Amino acid sequence: MRRFAYTRADDVDAAIAALADHPDGVFLGGGTNLVDLMKLGVVSPGLLVDVSRLPLAEIRETAGGGLWIGSGVRNSDLAAHPAVRTRYPALSQAVLAGASGQIRNTATTGGNLLQRTRCLYFQDVGKPCNKRVPGSGCPARDGVHRDLAVLGHSEACVATHPSDMAVALAALDAVVHLRGPGGERTVDLTDFHRLPGDEPHLDTVIRPAELVVAVELPPPPAGGSGYRKVRDRASYAFALVSVAAALEVRDGSVQDVRLAFGGLAHKPWRARAAEGALRGARATEESFTRAADAELAAAEPLRDNAFKVRLARNLAVRVLSGLASLGGAAAVTEGTVS
Amino acid sequence: MSTTSTPGPVRVEGREKVTGAARYAAEHTPPGTAYAWPVPATIARGRVVSVDAGRAMDEPGALAVLTHENAPRLKDVDDATLLLLQNDRVPHRGWYVALAVARSLEAARAMAAAVRVTYAAEDHDAVLAPDHPGLYVPDEANGGFPGSRERGDFDTAYERAAVRVDATYTMAGLHNHPMEPHAATARWEDDRLLAYDSSQGATTVQKTLAALFGTDKERITVVSEHVGGGFGSKGTPRPQVVLAAMAARHTGVPVKLALPRAQLAAVVGHRPPVIQRVRLGAGEDGTISALAHEVITQTSTVRQFVEQAATPSRTMYVSPHSRTTHRVVALDVPSPSWMRAPGEASGMYALECAMDELACATGVDPVELRVRNDTATEPDSGKPFSSRHLVECLREGARRFGWHERDPRPRSRAEGRHLIGTGVASSCYPVYVSASSAQARVDGDGRFSVRVNATDIGTGARTVLTQIAAEALAVPMDRVAVEIGSSALPTAPLAGGSCGTASWGWAVHKACRALGDLIGEHAGTVPAGGLTVTADTSDDIVSEPPQAKSSFGAQFAEVRVDADTGEIRVSRLLGVFATGRILNARTGRSQLVGAMVMGVGMALLESSTLDTRFGDFAERDLASYHVPACADIRDIEAHWIDEHDPHLNPMGSKGIGEIGIVGTAAAIANAVHHATGVRVRDLPLHPEKLLA
Amino acid sequence: MATHPAPDRSTGPGRSGDPDRTTTSTVTLRVNGVPRRLTLDNRTTVLDALREHLDLTGAKKGCDHGQCGACTVLVDGRRTNSCLLPAVAHDGAEITTVEGLAELVGPAEGGALHPLQQAFVDRDGFQCGYCTPGQLCSAVGAISEAAAGHPSYVTSLTAGPPGPPVPLSPDEIRERMSGNLCRCGAYPNIVGAIEDVTR
């Protein structure tokens with residue numbers, strides 16, 4: 001790890017100014033991924049601008065009936081917040097599906113969005129990686145890639161985004177509030193993360209010295225929502241595939257549906273094709289299967305991860321069926337040992 | 001026949017461990033201690049052309065960068081993995097090519113990252129294949145077992161068998177990953193070396209360091225007071241203590257080196273990947289007439305290590321016609337080594353899955369099939385077993401587990417979207433014992449102390465040796481203090497091969513009995529200066545006993561498989577073992593259960609994928625190498641048969657550290673087949689293997 | 001949930017306006033109730049500050065990357081992985097390590113143990129002991145999280161409306177303790193020890 005200077009900003013503008021003046025700097029929030037990557041040598045900032053004590057840890061209901069989640073809100077506080085648990089259960093479940101109790105106590109909402117892929121080549125500075133060193137190559141494409149992308153990948157990069165939280169936020173139409181040297185702007189969460197294309201070193205559309213200030217949720221969709229994650233270990237592991245969904249069924253037909261996949265792509269994968277296929281359709285397993293297949297038709301699995309396509313389909317059907325049979329109640333039963 | 005009702009004493013060092021007072025190897029910081037950080041090779045094979053330490057030495061606090069050009073010269077030893085920084089060869093990726101030393105940990109890590117190594121890379125070969133032209137039959141597999149054994153006429157008997165099973169089982173490499181990374185703190189003073197080392201046996205480390213540095217072992221003290229697990233990976237001296245000692249000698253200050261977790265996969269051993277073909281020929285009733293167990297595995301170019309996976313088939317079942325062979329190829333890969341029950345854990349996975357396939361093929365109940373093939377003599381040696389209660393373990397386990405309610409048809413039980421199945425497998429582990437010495441002393445005030453260089457890697461050695469001493473002296477445990485974990489103590493073998501307690505305990509028992517006699521000679525009055533007795537068991541250990549000695553057991557697993565996702569959860573796991581006398585039910589059960597937990601990892605989670613283009617293992621951290629987490633472990637029970645065997649040692653004990661992992665993976669794999677009807681012959685049982 | 005008063009953080013490292021690019025800082029960590037003033041490399045983590053600078057080696061380094069939980073300590077009353085915390089960013093923080101656990105429940109005179117520590121001894125909730133300090137600190141944190149009504153993944157999937165406290169069933173304990181790996185496989189006894197203390 002390279003030596004670095006440290007400064008703690010007094011307010012958001014000072015933090016942004018500090019970074020604007022120092023292009024080799026980064027913001028320090030919870031640090032759970034940043035410190036990890038610094039130890040690995042994957043990132044080597046010369047300056048850490050500590051934003052963890054800025055007043056960004058607020059969760060409040062918005063005038064429009066939505067929810068404002070400050071970027072400094074710790075994962076555990078987000079998952080435990082009564083409004084999140086009752087109105088956006090998929091989000092609470094997704095956050096709780098990630099990492100460990102210790103990490104959730106430290107990691108922040110903003111940092112969670114900005115965490116980097118766990119592709120093993122990205123994390124190994126002794127090997128090529130286009131995301132870490134543009135132009136050096138992607139050994140994952142023909143190498144060890146069981147965990148990696150089946151949708152939206154490129155010749156240059158087959159990484160997946162590791163966040164659980166972001167998958168739920170994608171399904172829930174969250175908006176990211178950013179502030180930078182050029183002022184404030186908002187970006188839909190589904191546009192915040194990028195597909196790798198020719199520039200896999202860019203995970204998101206965030207600009208230099210821009211700070212994630214908050215994530216805003218619109219009012220929750222009618223009906224229920226849920227999140228289900230499949231991983232090798234029963235806990236404390238990144239997703240092979242995960243599904244966040246919200247479903248409203250009226251008179252046996254799908255009135256509204258939101259569906260997003262984790263573990264399949266370089267970004268949380270909002271399944272708009274599946275949603276389109278489902279709206280107005282009968283809320284049956286057959287419809288759910290057809291819709292999932294419609295979404296996953298675009299999949300281009302790698303040598304060792306074709307199973308993810310089937311797993312994603314089965315999981316989507318399972319989650320949607322659960323939501324449908326519960327008549328929109330906000331729970332998706334865990335598919336493991338009872 | 002039952003579990004011992006009294007739970008056994010709590011660990012004597014329990015308080016130190018729960019208060020943080022117990023110190024491990026990297027937790028000694030003599031004044032002026034420097035920190036070291038190794039630099040691993042980033043090629044799979046070739047030579048180091050140059051090492052540029054210039055930028056590294058610019059780091060404030062930099063002390064030195066050791067390379068093959070400036071490092072202290074080492075004398076030759078058998079274990080070539082310890083001949084570090086001696087020449088420019090790179091035998092595999094991850095091999096150490098330099099060592100950064102600095103005043104602080106942070107500086108050492110930064111230096112290591114800044115060292116620029118130029119290589120001349122050569123083509124490498126890291127692909128294990130059944131038709132690899134480099135495969136050969138070794139004279140000996142690990143443990144000194146013959147590489148190949150033939151009895152009778154396997155080919156003819158197999159051909160004539162009424163029922164035949166022919167199946168090939170594969171498994172990825174596995175890593176020990178003890179929670180404490182391999183660490184050492186070394187300090188030279190006046191040509192004397194004091195090293196705190198995370199090791200399963202400080203005596204071996206002491207001898208090896210003496211040989212490497214060309215000095216008398218009396219000048220070297222190695223302390224392994226508390227060790228954070230090893231599971232075989234700390235059974236032999238490892239690079240950390242050699243590098244720390246080299247760096248301390250080079251810089252003249254004490255040096256601390258804890259190997260970074262990500263480097264462990266390449267330098268402290270692992271269970272190698274194994275390809276096993278098992279053929280069973282049997283009568284309609286399931287009685288085995290022909291058994292072949294043929295193993296293909298890999299080693300490195302640095303050192304030959306052959307996982308002795310075919311050896312359980314020489315011990316387990318009736319097999320008048322038998323072929324058990326190992327073939328190995330030396331690849332440009334990290335060196336494999338001991339991992340908990342080397343040979344048995346891997347070999348019994350294959351044999352016990354094949355037995356399940358035979359049960360399916362014959363329609364014989366899997367428990368009954370094993371009972372029918374029980375044998376009172378070891379098939380390979382022809383020797384009678386000193387004790388063998390496999391059948392009792394199977395029967396008792398079946399009773400406790402509720403095995404007989406089982407519908408044998410695959411896919412016969414479901415709850416919602418979950419398929420439920422049960423499976424069984426046998427366990428075995430050889431009984432070893434080594435010569436040890438120990439000293440027993442009574443002070444003038446009547447306090448007893450025992451000194452022996454045993455190591456407690458979590459087994460409860462300190463506690464059980466205190467019990468053995470107290471029992472032999474016929475005094476309460478709290479009057480006996482046992483000192484272990486230093487080469488300055490009477491010489492003793494390592495904690496390995498499940499024979500620590502038998503070996504050390506024998507010497508402790510002998511010394512304490514002799515001390516008791518000596519006190520008797522003083523008419524029960526201890527002189528003011530106390531009395532001391534030293535015992536050595538070299539003459540007590542029979543090298544070629546007339547009996548075959550082994551522990552046995554049976555494990556039963558219930559799994560729930562999610563039909564949509566392929567997720568497998570082990571909802572119940574029950575083992576019954578026959579391992580002589582259990583000396584401490586509390587710590588003994590912990591060892592058995594703990595090994596079964598590791599077996600769950602082997603079955604479902606753990607996998608080290610050899611990234612053949614780069615020549616290293618892909619999973620090198622605890623986020624990608626999945627050891628079981630708390631949520632993976634549900635209902636696990638370990639029981640035992642009260643087994644009395646007069647042919648063992650004064651305590652009547654067999655080892656219990658390893659047998660718990662033997663058979664677990666097979667029991668789970670067999671349960672998965674029963675649940676789903678899918679026979680997966682490749683570990684670990686990741687979800688995709690069930691998502692056809 | 002924080003059980004400690006918020007420390008005064010108006011002064012300390014990085015407070016001098018424009019960063020001057022110095023790479024060391026002076027911080028005060030309140031460790032087990034005692035303020036400890038240290039001048040540290042900014043790269044030094046809380047874990048390394050404890051182990052290498054304060055000779056408090058109870059918190060363990062198992063992976064150094066937040067993947068094992070052996071380094072778990074309580075920071076301002078919440079469990080966290082100290083290997084991922086730059087000490088410089090935790091000036092003024094209240095840190096409780098395994099060495100200070102007994103004092104959380106009263107004066108540790110006469111060598112009294114925290115009930116969890118005693119339960120771990122009685123239940124044989126460890127073997128090698130290396131993950132144990134992290135397990136203990138994590139269990140203390142998990143118990144207070146449940147008492148405060150914080151859900152876990154298993155609560156969130158099955159439970160009714162939020163509201164403290166969450167009963168710690170074995171399933172709840174297993175999920176909440178999954179951030180602490182134990183290679184010796186002491187999990188059943190760890191869960192039993194926590195049950196002993198919470199029921």
Side-chain angles (χ1 to χ4, degrees), chain B residues 10-11 13-24 26-27 29 35 104-107 109-110 176-181 226-231 258 260-262 456-460 586-587 589-591 593-598 600 621-623 627-636, chain C residues 23 41-44 48 51-52 55-68 70 97-99 101-102 111 113-114 116-118 120-122 124-133 136 154 170-171 173-191:
Chain B
V10 299
R11 286 170 201 268
E13 80 286 8
R15 165 175 283 271
E16 288 171 82
K17 284 181 174 173
V18 298
T19 57
R23 286 196 185 247
Y24 297 74
E27 296 171 354
T29 312
Y35 296 81
S104 73
L105 186 56
E106 294 78 16
R109 179 172 55 206
N176 315 57
H177 278 312
M179 293 313 301
E180 182 205 16
H226 296 286
V227 180
F231 314 108
R261 178 67 60 180
D456 196 331
I457 57 173
T459 54
R586 187 189 309 262
T587 55
R589 178 170 287 111
S590 289
Q591 278 202 81
V593 168
M596 292 164 78
V597 168
M598 199 178 273
V600 172
D621 63 23
L622 294 174
V627 308
C630 197
D632 292 291
I633 302 306
R634 309 188 66 83
D635 183 359
I636 298 195
Chain C
T23 59
D41 190 311
N42 287 346
R43 295 173 293 189
T44 305
D48 288 330
R51 286 171 63 83
E52 307 301 338
D55 200 34
L56 285 168
T57 56
K60 302 302 185 202
K61 184 180 284 187
C63 73
D64 211 18
H65 288 272
Q67 300 165 352
C68 78
T97 70
V98 72
E99 290 95 337
L101 277 191
L113 297 175
H114 186 286
L116 270 169
Q117 290 173 317
Q118 188 63 52
F120 268 59
V121 171
D122 294 340
D124 211 33
F126 53 90
Q127 293 181 43
C128 80
Y130 199 77
C131 73
T132 311
L136 286 161
V154 297
D171 272 348
I173 295 170
R174 285 190 274 260
E175 166 59 22
R176 289 167 190 265
M177 291 300 291
S178 280
N180 293 83
L181 301 180
C182 170
R183 190 57 160 155
C184 296
Y187 297 129
N189 292 350
I190 291 168
V191 173

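Just so you know, these numbers come straight off a predicted model, no measurement behind them. Numbered from 1 within each chain, the chains take letters A, B, ... in sequence-line order.
- Between B:Arg15 and C:Val121 the shortest side-chain heavy-atom distance does not fall below 4.5 Å.
- When the side-chain contact (heavy atoms from CB on, under 4.5 Å) test is applied to B:Ala595, the partners found at least two apart in sequence or on another chain are B:Arg340, B:Ile661.
- Side-chain contact between C:Asp64 and B:Arg261 is absent, with no heavy-atom pair separated by less than 4.5 Å.
- Per-residue counts of heavy-atom pairs under 4.5 Å with chain B were compared for C:Cys184, C:Cys182, C:Pro133; the largest is that of C:Cys184.
- Annotation: maximal heavy-atom pairing with chain C below 4.5 Å, among B:Gly228, B:Ser590, B:Gly14, occurs at B:Ser590.
- Both the backbone and the side chain of B:Val627 have a heavy atom closer than 4.5 Å to some heavy atom of chain C.
- For the set B:Thr29, B:Ile636, B:Val593, B:Asp621, the entry with the most heavy-atom pairs within less than 4.5 Å of chain C is B:Asp621.
- The minimum heavy-atom distance linking C:Cys128 with B:Gly229 is given by the pair CB-N, 3.2 Å.
- Considering only heavy atoms from C-beta on, B:Val597 stays 4.5 Å or farther from C:Arg183 through its side chain.
- Summarising the geometry of C:Tyr130 relative to B:Tyr24, their closest heavy-atom pair is N-OH, 3.6 Å, with the distance given to 0.1 Å.
- In this structure, the side chains of B:Glu106 and C:Thr23 stay at 4.5 Å or more apart for every pair of heavy atoms.
- For the pair C:Val191 and B:Cys630, the minimum side-chain heavy-atom distance is below 4.5 Å.
- Contact annotation: the side chain of B:Arg11 approaches that of C:Phe126 to within less than 4.5 Å [non-hydrogen atoms, C-beta and beyond].
- Scanning both residues, B:Pro181 and C:Gly62, for their nearest heavy atoms gives CG-O, 3.5 Å.
- Counting heavy-atom pairs closer than 4.5 Å to chain C, the top-ranked of the candidates B:Ile457, B:Val600, B:Asp456, B:Val18 is B:Val18.
- Partners of C:Glu99 under the side-chain contact (heavy atoms from CB on, under 4.5 Å) rule, at least two apart in sequence or in another chain, are C:Asn32, C:Leu56, C:Thr97.
- If you measure heavy-atom distances from C:Thr132 to chain B, the contacts under 4.5 Å come from the side chain alone.
- When all heavy atoms are compared, the tightest approach of B:Gly20 to C:Val98 is CA-CG1, 3.7 Å.
- Looking at B:Ala22, the atoms closer than 4.5 Å to chain C (heavy atoms on both sides) all sit in the backbone: N, CA, C or O.
- Contact detail for B:Arg634 and C:Asp171: the closest heavy-atom pair is NH2-OD1, 2.5 Å.
- Listed here is the closest heavy atom pair of B:Pro628 and C:Leu181: O-CD2, 4.1 Å.
- Between the C:Lys61 side chain and the B:Pro260 main chain, no donor and acceptor come within less than 3.5 Å of each other.
- When the candidates C:His114, C:Arg51, C:Glu175 are compared by the number of heavy-atom contacts under 4.5 Å with chain B, C:Arg51 comes out ahead.
- Between B:Arg586 and C:Asp122, none of the side-chain N atoms (NZ, or NE/NH1/NH2) sits under 4.0 Å from a carboxylate O, so this pair counts as no salt bridge.
- With a 4.5 Å cut-off on non-hydrogen atoms, B:Asn176 touches chain C through its backbone but not through its side chain.
- Residues B:Arg23 and C:Asp55 have side chains in contact (heavy-atom distance under 4.5 Å, counting atoms from C-beta outward).
- With hydrogens and angles left out, the side-chain atoms of B:Ser104 and C:Asp41 include no donor and acceptor closer than 3.5 Å.
- Taking B:His177, B:Glu13, B:Glu16, B:Arg109 one by one and counting their heavy-atom pairs under 4.5 Å with chain C, the maximum is reached by B:His177.
- Heavy atoms of C:Asn180 lying under 4.5 Å from chain B are absent altogether.
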Carefully, step by step, assess B:Thr587 and C:Gln127 under the rule side-chain contact (heavy atoms from CB on, under 4.5 Å).
CA-CA 8 Å; B:Thr587 55; C:Gln127 293 181 43; over 6 Å; no

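- Rounding to the nearest 0.5 Å places CG of C:Asp124 at 9.5 Å from CD of B:Gln591.
- Top candidate by heavy-atom pairs under 4.5 Å with chain B, chosen from C:Ala70, C:Gly179, C:Gly129, is C:Gly129.
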